[in-house]
Amino acid sequence: MATLTRKDFVRILRRFADSPDDVLDDRADITCVINGQELSVRLSERDDVLMCQEDGGSVQRARTWIEKRLARLDLLAQKILDAVKFDKHFVDVGAMHESPSDESQREESVTESLFNRLMSGSCYSSEIIYILSEAGDGKSEIMNRLAYRMACQYKETGSGPLFLPVSLDGRPFLRIDDLVIGMLANQFRFRYCYFEAIIELVKMGSLVLGLDGFEEMVVEGKEERVISSLGELLKEFESVGRVVISARRAFYEYALKNQLPLLESIQDMRVDCDAYRLAQWAQAEFVELLKTYSVLNSKASEIYEALQQRLKPDHPILVRPVLARHLVDMLSAEVKDDGKWESVLRELNADRNPQTVMSEFVDLLVRREANSKWLVTSGPTQGRPILAVAEHMAILRAITEDMWLSSVEFVKQDYLQDWIELICSDLRKNPSETHDAREKILHHAMLLRDGDKYVFCHEAFRKFFLGQDIADYIVKQVGGYRIERVLSQDVLDFSVVEGIAYVV
């Protein structure tokens with residue numbers, strides 16, 4: 001919104017008012033009732049800028065009065081800072097910026113590039129900015145860092161847009177307005193704006209919406225509904241305002257780039273779309289992560305080189321931020337100061353099978369899951385692990401085998417929970433422990449939710465557990481139809497064969 005007019009001001013008041021009929025404009029004073037409070041303001045112009053004076057108050061820009069008095073953006077900025085904590089271990093990443101009007105160009109810091117762009121002021125068309133990557137590449141961390149930085153900027157200067165991240169991860173499909181208002185009320189404890197008022201703030205350039213994990217809103221057969229919902233949101237913007245959307249590359253290519261419902265719904269709107277495709281981590285990012293844990297630069301490079309020798313340079317543990325963070329978190333849990341990283345380095349440089357690093361990483365991750373998260377929440381055994389580490393491993397191997405035999409890479413939520421309940425029954429767990437296990441399996445560190453389906457957080461782990469499963473059959477000399485079917489189902493990937501050989 002380039003210039004705020006009296007007509008705009010009255011319309012915005014009606015969006016904030018308890019009822020649109022509560023706004024009365026008699027051309028001298030404007031009165032309204034907002035959050036149960038009666039307000040009266042008088043408008044004027046100064047150098048073609050709309051000014052506003054509330055009864056008993058000073059004259060100020062009408063835009064500032066809307067942001068501070070009505071929208072209470074000062075309070076929202078603080079709420080964002082309270083909810084989105086500063087992560088000292090955050091490491092930025094590069095991206096390929098693809099815009100229809102320009103040639104693709106490399107951005108060395110995607111967060112810095114997006115921050116500068118969103119802080120640049122109002123836009124004169126609606127903008128959809130996509131952050132694209134695979135699962136585990138750090139999209140959510142980038143969205144949260146943007147929210148934190150822009151809230152800090154607002155608190156320091158008293159102006160500039162705020163970034164409102166709305167997490168859609170793992171939620172069933174809902175209307176976007178319900179999700180936005182629900183996030184404001186539940187996560188940020190902010191209850192001063194209706195959705196119509198949020199839209200007006202976006203159009204003013206005072207707020208940028210961030211829809212994080214957009215593909216998670218899709219359940220089977222509902223792609224068109226989700227895309228149409230995005231189109232309806234853009235209609236509300238009326239060719240101004242920005243929205244940032246994070247999604248997996250495949251969803252963008254299929255659903256957002258090629259679907260007719262979106263194109264049809266915005267055909268009369270001015271909408272610009274471009275995308276930032278996140279790059280995978282390389283040595284520089286991994287070393288930077290280690291440095292945030294107080295590892296000296298030279299030592300960090302040595303640790304990376306040792307890991308790279310044990311794994312491939314493109315191994316998911318090294319190139320996926322989420323997995324790299326898990327690894328360094330677990331290594332640092334045993335390290336009290338920088339000097340003790342010497343023992344980590346010596347262990348990594350030991351002459352061992354390359355599968356050892358992967359095996360120890362998985363063991364650490366599952367051990368933490370079993371002993372720190374899967375704890376009984378009530379009853380005489382409260383605080384004790386529900387399942388042993390070996391039982392967790394057996395469950396994950398069984399999930400992988402079922403995927404392999406079904407020629408799919410997922411399990412359905414109902415099936416997963418019923419399966420855990422059956423396992424708990426076989427292990428003679430009590431009803432309270434079984435209930436806890438049914439809920440906790442949906443948040444297992446090794447699994448990710450994709451609609452009503454669950455997949456391994458990375459393909460490398462699915463292959464690892466498949467190798468472990470087949471190796472277990474061989475070691476125990478289990479014969480019969482089951483092992484024959486597993487071995488004859490399809491050609492085994494080389495990494496699976498390596499895992500079998502490592503165990504056997």
Side-chain angles (χ1 to χ4, degrees), residues 80 84 87 90-102 104-120 123 126-151 161-171 176 179-180 183 202 207-218 226-227 229-230 233-234 237 241-259 262 271-282 285 319-325 448-450 457-458:
I80 291 173
V84 182
D87 182 3
F90 172 81
V91 176
D92 205 356
V93 69
M96 187 59 68
H97 180 202
E98 300 176 357
S99 173
S101 57
D102 302 309
S104 299
Q105 59 181 8
R106 167 82 180 186
E107 297 287 351
E108 295 304 322
S109 169
V110 64
T111 307
E112 191 69 27
S113 177
L114 284 168
F115 175 80
N116 292 334
R117 178 173 178 174
L118 298 180
M119 293 296 296
S120 64
C123 48
S126 293
E127 290 184 354
I128 313 177
I129 305 168
Y130 297 111
I131 301 176
L132 304 174
S133 74
E134 305 303 335
D137 279 350
K139 299 184 293 295
S140 297
E141 287 79 1
I142 289 171
M143 299 279 267
N144 286 336
R145 179 52 66 99
L146 278 174
Y148 188 89
R149 283 194 62 182
M150 293 174 71
L162 289 175
F163 185 82
L164 183 64
V166 180
S167 176
L168 313 178
D169 183 41
R171 299 167 185 264
I176 290 179
L179 288 165
V180 171
M183 180 65 65
V202 172
L207 197 66
V208 178
L209 279 182
L211 304 180
D212 184 20
F214 194 75
E215 74 280 355
E216 301 294 345
M217 294 176 69
V218 179
V226 174
I227 303 306
S229 179
L230 176 58
L233 176 67
L234 293 172
F237 288 176
R242 292 185 173 109
V243 58
V244 178
I245 295 176
S246 78
R248 296 180 189 174
R249 288 188 179 95
F251 182 79
Y252 171 76
E253 296 294 345
Y254 170 70
L256 296 179
K257 202 171 183 180
N258 303 317
Q259 282 289 312
L262 177 61
V271 179
D272 294 328
C273 305
D274 59 2
Y276 290 82
R277 296 180 181 270
L278 302 187
Q280 289 189 328
W281 273 19
E285 288 79 18
V319 302
R320 293 292 170 90
V322 172
L323 303 183
R325 176 72 174 269
L448 289 178
R449 184 171 184 168
D450 187 5
C457 60
H458 194 273

Quiz item: Do the charged groups of Glu141 and Arg325 touch, with an N to O distance under 4.0 Å?
Solution: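 Judged by the 4.0 Å cut-off on N to carboxylate O distance, Glu141 and Arg325 do not form a salt bridge.
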Can you tell me how far [atom2] of [Y] sits from [atom1] of [X], rounded to the nearest 0.5 angstrom?
| X | Y | atom1 | atom2 | value |
| --- | --- | --- | --- | --- |
| Asp92 | Thr111 | CG | OG1 | 3.5 Å |
| Leu162 | Leu146 | CG | CG | 12.5 Å |
| Ile245 | Ile129 | CD1 | CD1 | 10.0 Å |
| Leu118 | Met150 | CG | CE | 5.0 Å |
| Lys139 | Asp212 | NZ | CG | 8.0 Å |

Quiz item: Quick one: does Ser113's side chain have a donor or acceptor within less than 3.5 Å of a partner on Val110's backbone?
Solution: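 Not confirmed, Ser113 side chain does not pair with Val110 backbone.
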Quiz item: Residues two or more places apart in sequence or in another chain: which of them pass side chain to side chain contact (heavy atoms under 4.5 Å, CB included) with Arg149?
Solution: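 Arg149 satisfies side chain to side chain contact (heavy atoms under 4.5 Å, CB included) with Glu112, Phe115, Arg145 once adjacent residues are dropped.
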Practice problem: Report the residues that fulfil side chain to side chain contact (heavy atoms under 4.5 Å, CB included) with Asn144, sequence neighbours left out, ordered by chain and then residue number. | Solution: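 By the side chain to side chain contact (heavy atoms under 4.5 Å, CB included) rule, Asn144 matches Val84, Pro165.
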Quiz item: Which residues pass the ring-ring contact (aromatic ring centres under 6.0 Å, His included) test with Phe163, sequence neighbours left out?
Solution: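 With sequence neighbours excluded, Phe163 shows a ring-ring contact (aromatic ring centres under 6.0 Å, His included) to no residue whatsoever.
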Exercise. Name all residues meeting the ring-ring contact (aromatic ring centres under 6.0 Å, His included) criterion together with Tyr148; count only those two or more places apart in sequence or in a different chain, and write none if there are none.
Key: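 If we apply the ring-ring contact (aromatic ring centres under 6.0 Å, His included) test to Tyr148, skipping adjacent residues, the hits are Phe86.
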Self-check item: Residue list, side-chain hydrogen bond (donor to acceptor under 3.5 Å, both in side chains) with Glu107, at least two apart or on another chain
Solution: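 Glu107 satisfies side-chain hydrogen bond (donor to acceptor under 3.5 Å, both in side chains) with Gln105 once adjacent residues are dropped.
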Self-check item: Atom of Arg242, atom of Ser120 and distance for their closest heavy-atom approach
Solution: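 Arg242 and Ser120 have their closest heavy atoms at NH2-OG, 3.5 Å.
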Quiz item: Which atom pair, heavy atoms only, marks the closest approach of Ala279 to Arg106?
Solution: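 Taking Ala279 first and Arg106 second, the nearest heavy atoms are CB-NH1, 3.5 Å.
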Quiz item: Among Arg117, Glu127, Glu98, whose side chain to side chain contact (heavy atoms under 4.5 Å, CB included) with Asp274 holds?
Solution: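 With Asp274 as partner, side chain to side chain contact (heavy atoms under 4.5 Å, CB included) holds for just one option, Arg117.
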Practice problem: Step by step, work out the side-chain contact (heavy atoms from CB on, under 4.5 Å) result for Trp281 and Val91. | Solution: CA-CA 10 Å; Trp281 273 19; Val91 176; 3.7 Å; yes
Quiz prompt | Working for side-chain contact (heavy atoms from CB on, under 4.5 Å), residues Val243 and Val202 | solution = CA-CA 8 Å; Val243 58; Val202 172; over 6 Å; no
